[in-house]
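What you see is a predicted model, and the numbers here were worked out from it, not measured in a lab. A, B, ... follow the sequence lines: proteins, then strands. Residue 1 opens every chain.
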Amino acid sequence: MGPFTIQLPDDEAELRRRYEELKRLIHYHNYRYYVLNDPIISDYEYDRLMAELRAIEEKHPEWVTPDSPTQRVGAPPASEFRKVRHPAPILSLANVFDDAGLDAWLQRLARLDPAVLETDFTVEPKIDGLTVVLHYRDGVFVLGATRGDGEVGEDVTANLRTVRSLPLRIPTRPDGPKPPPYLVVRGEAYMTRADFEALNEQLRARGERPFANPRNAAAGSLRQLDPSVTAQRPLRLLTYQIVVYEGPDEPRTQWDALRYLEALGFPVVEADLCPDLDCAKRAYRKWLQRRPTWPYDLDGVVIKINDLELQRRLGAVGKDARGMIAYKFPAQEVTTTLRDIKVNVGRTGVLTPYAVLDPVEIGGVIVRKATLHNFDYIREKDIRIGDRVIVRRAGDVIPYIVGPVIAARTGEERIYEPPTHCPVCGAPVEKVEGEVALYCINAACPAQLSRNIEHFASREAMDIEGLGRKVAEQLVAAKLVNDVADLYYLKPEDLIPLEGFAEKKAHKLVEAIQASKDRPLERLIYGLGIRGVGAVTARLLAERYPDLDALRHATAEELSSIEGIGPVTAQFIVDWFRRKQHQRLLEKLRRAGVWPRASRPSPSAEDQPLAGLTFVITGTLPTMTREEAKAYIQRHGGRVTNSVSRKTDFLIVGANPGSKLRKAQTLGVPTIDEETLRRMVEDPGFREQLLAQRRRTQG
DNA sequence: GATCCTCGAGTTCG
DNA sequence: CTCGAGGATC
């Protein structure tokens with residue numbers, strides 16, 4: 001059995017002793033791994049211990065008890081869940097949505113019992129999962145239930161057993177206190193966003209229906225009739241309340257209760273202890289700030305009267321406990337009505353549908369539009385005009401439509417048909433074989449043209465100040481420009497008839513356009529908007545070809561010999577230059593004096609301080625913008641890319657770093673700050689030292 | 001042929 | 001920021 005050779009002692013008593021020891025050890029290592037995230041043995045050693053335990057249990061099945069680590073999966077599928085009456089009501093919470101509501105709560109309580117003005121508070125994150133109630137007799141997990149209606153829940157013991165961070169026997173830590181004979185703990189079962197995404201990925205791959213959000217996924221997983229299915233689901237647990245404590249030395253405050261649960265080896269929510277409500281409000285804002293990057297969904301914080309006796313005295317209104325309150329975050333997911341589906345035309349002619357919504361507030365901003373990605377997406381999700389739809393905006397993420405609320409259908413909804421003609425120019429629409437996107441085939445489509453001009457003028461390209469989307473659309477609508485070269489022939493008097501343009505603004509724009517004539521070649525190439533050619537590829541081309549004429553005559557074979565350019569991109573480039581329309585465009589640019597020639601890279605590039613090094617930037621740097629930092633690194637011979645990989649040499653970290661920091665840490669990519677970057681450039685000795693250190697740690 | 005890496009393109013609100 | 005696809009590498 002298994003990849004391990006197991007030697008068991010012959011002596012019966014010795015074997016029994018070893019068996020108990022193994023159970024204890026494995027529970028402890030589970031706790032280190034799943035609760036503390038700090039394992040002290042390797043997975044291999046862990047598997048070995050498990051194998052040894054199984055070997056003993058095979059020999060002595062009569063020794064096996066439900067708290068054995070092997071029993072996390074094992075119970076047969078149930079046909080339905082048994083009902084369980086909770087030993088005490090599992091109360092819900094009243095909500096407040098702002099500081100004023102919170103103050104009002106305390107004032108109400110103060111009238112009932114002035115003692116609340118003397119007490120302190122705990123502030124705990126409110127996890128968006130589902131409540132579970134866990135029963136322990138003499139330290140052994142015997143029963144787990146869902147909340148149900150607060151009086152009666154469902155017995156999901158077998159499923160909860162499969163949750164790795166749930167202690168099957170307490171104390172889990174060797175130095176933990178002895179638990180009372182009977183203990184009931186309240187907690188939250190939940191799923192992290194990353195685990196949820198991975199699970200949905202699996203479900204989709206198997207052709208099963210994915211879950212709408214992590215909470216539904218957690219609930220669906222816990223209510224599986226077959227525990228072996230639950231065992232495959234990445235459920236987690238955090239506890240935050242003692243419901244019943246029968247025994248001596250009962251904790252008297254919420255804070256002590258949390259510390260006690262922690263000592264027993266439960267995963268416990270991270271709480272703050274606050275002397276007053278001002279502190280609680282600060283804690284609320286701390287969690288609000290953490291929320292976007294927190295690994296799992298939070299819907300607010302729970303503020304509790306710390307003194308448990310006082311909490312008990314305050315009692316409940318209906319099903320809401322008086323002595324605690326939920327201070328809710330602005331919702332991240334709401335339902336609204338989808339009024340219409342409209343279509344955008346991109347610079348490359350791609351048609352992208354978006355939803356026009358009844359405006360709703362999500363996460364503190366009003367959302368009116370949401371992208372629908374592509375036409376397949378609308379069909380797959382069966383989104384219809386007039387549907388109630390769930391809109392989600394998590395963190396700083398762009399809002400998107402999760403799906404329709406089928407139950408709210410009235411029959412009035414209309415099925416959406418993808419356009420057969422471009423909504424802007426009316427030209428027929430084309431679907432490229434093997435691609436999802438629909439394209440407008442008209443190269444002269446005004447929407448494509450104005451997006452093209454916008455791109456040409458953008459900061460990364462020709463950097464023309466005052467020429468954004470709106471002005472680009474105006475110029476196209478007034479037929480003042482038919483391609484980007486026409487910009488350079490504009491005179492102030494052409495602009496004055498346009499809405500919003502007077503003498504001064506017209507002059508300024510013309511000046512800004514003229515000033516862009518001497519931008520380097522790579523920016524011009526990028527600005528042309530050749531399919532497949534972004535900033536990086538444009539730079540490669542500008543290094544290889546001295547001007548647009550040379551590039552124009554390049555063959556596909558020649559282009560694809562450049563490192564970083566393959567046959568596909570090479571063909572895109574050749575095709576672009578082959579078009580009559582683009583040849584005329586080039587001629588006009590040349591006549592207007594927009595004809596940069598590549599500045600040959602200095603031959604000493606090899607000796608530059610950052611030669612051969614790749615950097616990634618995350619967060620806000622103290623004295624440089626991201627663009628400046630990028631230019632600074634490139635000026636000194638280094639490369640800057642967007643995503644962290646093993647090939648990244650250094651991650652430059654500023655304030656409020658994003659997910660790249662975590663990626664760098666898992667990959668072992670060294671992180672430095674702006675100051676260190678400057679020293680690397682300015683102080684060769686320091687640089688050598690740093691690089692030598694990096695080589696050593698890479699092993 | 002498979003896998004990893006990098007680049008391009010599109011996206012929302014204030 | 002994220003996804004998809006092109007390109008490089010083994």
Side-chain angles (χ1 to χ4, degrees), chain A residues 193-194 197 200-201 204 292-293 330 332 342-357 359-377 391-401 432-439 447-448 451-452 454-455 458 460-461 468-469 522 525-541 556 559-573 576 614-619 626 630 639-649 656-664 667 669:
Chain A
R193 282 197 282 265
E197 296 294 346
N200 266 358
E201 198 56 43
R204 270 192 291 267
T293 55
Q332 290 195 321
K342 291 190 175 174
V343 177
N344 267 329
V345 183
R347 161 166 78 83
T348 54
V350 178
L351 303 188
T352 323
Y354 63 94
V356 180
L357 305 166
V360 275
E361 184 176 326
I362 316 177
V365 302
I366 309 280
V367 173
R368 296 178 176 82
K369 293 191 284 189
T371 178
L372 291 164
H373 308 298
N374 56 59
F375 297 98
D376 284 1
Y377 186 85
V391 185
R392 190 177 170 84
R393 178 182 179 274
D396 255 348
V397 177
I398 292 161
Y400 69 98
I401 296 197
V432 177
E433 191 61 32
E435 280 190 63
V436 204
L438 294 182
Y439 287 88
Q448 286 186 51
R451 289 304 179 86
N452 226 307
E454 183 187 347
H455 169 74
S458 69
E460 289 249 278
R469 173 166 309 175
E522 62 197 71
I525 295 174
Y526 172 63
L528 293 175
I530 303 166
R531 195 166 166 208
V533 179
V536 175
T537 309
R539 199 183 160 91
L540 290 174
L541 294 171
L559 288 164
S560 49
S561 72
I562 300 173
E563 203 176 298
I565 297 174
V568 179
T569 312
Q571 197 55 50
F572 284 149
I573 297 168
W576 193 93
T614 303
F615 295 83
V616 175
I617 308 168
T618 185
R626 221 173 251 235
K630 194 171 167 182
R639 274 179 12 110
V640 179
T641 62
N642 278 322
S643 48
V644 178
S645 72
R646 255 167 298 172
K647 290 191 178 169
T648 310
D649 293 290
N656 300 321
S659 59
K660 289 172 193 168
L661 178 56
R662 226 169 26 167
K663 179 109 189 258
L667 290 175
V669 170

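If you measure from atom CG of L559(A) to atom P of dG7(C), you get 11 Å, rounded to the nearest angstrom. Rounded to a whole Å, the CD atom of Q448(A) is 15 Å from the C1' atom of dG10(B). Taking atom OH of residue Y400(A) and atom C1' of nucleotide dT12(B), one finds them 15 Å apart after rounding to whole Å. Between the NZ atom of K369(A) and the P atom of dT11(B) there is a distance of 10 Å, rounded to whole Å. For L540(A) and dG7(C), the CG to C1' distance is 12 Å, given to the nearest whole Å. Rounded to an integer number of Å, the gap from E460(A) CD to dA9(B) P is 12 Å. A straight line from CG of L528(A) to C1' of dA9(B) spans 17 Å, rounded to a whole angstrom. The nearest whole Å value for the distance from the CZ atom in R368(A) to the C1' atom in dC13(B) is 9 Å.
Out of dG8(B), dG10(B), dG7(C), the shortest distance to the side chain of V536(A) is found at dG8(B). Counting only heavy atoms from C-beta on, V568(A) has its side chain closest to dG6(C) among dG6(C), dG10(B), dT11(B). When distances are taken from the side chain of V367(A) to each of dC7(B), dC13(B), dG7(C), the shortest belongs to dC13(B). Of the candidate nucleotides dA8(C), dG6(C), dG14(B), dA8(C) has the atom lying nearest to any side-chain atom of E563(A).
An OP1 or OP2 oxygen of dG8(B) is reached within less than 4.0 angstrom by no side-chain nitrogen or oxygen of T348(A). Contact between the side-chain N/O atoms of R531(A) and the OP1/OP2 oxygens of dG8(B) is not found at any separation under 4.0 Å. Phosphate proximity of dC7(B) to T569(A): absent, as no side-chain N or O sits under 4.0 Å from OP1 or OP2. OP1 or OP2 of dT11(B) has at least one side-chain nitrogen or oxygen of T352(A) nearer than 4.0 Å.
Judged by distance alone, with hydrogens and angles left aside, the side-chain atoms of T569(A) form no donor-acceptor pair with the main-chain N or O of I565(A) at under 3.5 Å. The closest donor-acceptor contact from the side chain of D649(A) to the backbone of T614(A) lies under 3.5 Å.
By the side-chain contact (heavy atoms from CB on, under 4.5 Å) test, F615(A) is found to be paired with L610(A), L613(A), I633(A), F650(A), I652(A), I672(A), L677(A), M680(A), residues two or more places apart in sequence or in another chain being considered.
Judged by closest nucleotide on DNA chain B, T537(A) is the one of R451(A) and T537(A) placed further toward the 5' end.
Summarising the geometry of N452(A) relative to L528(A), their closest heavy-atom pair is OD1-O, 3.7 Å, with the distance given to 0.1 Å.
Less than 6.0 angstrom separates the ring centroid of H455(A) from the ring centroid of Y526(A).
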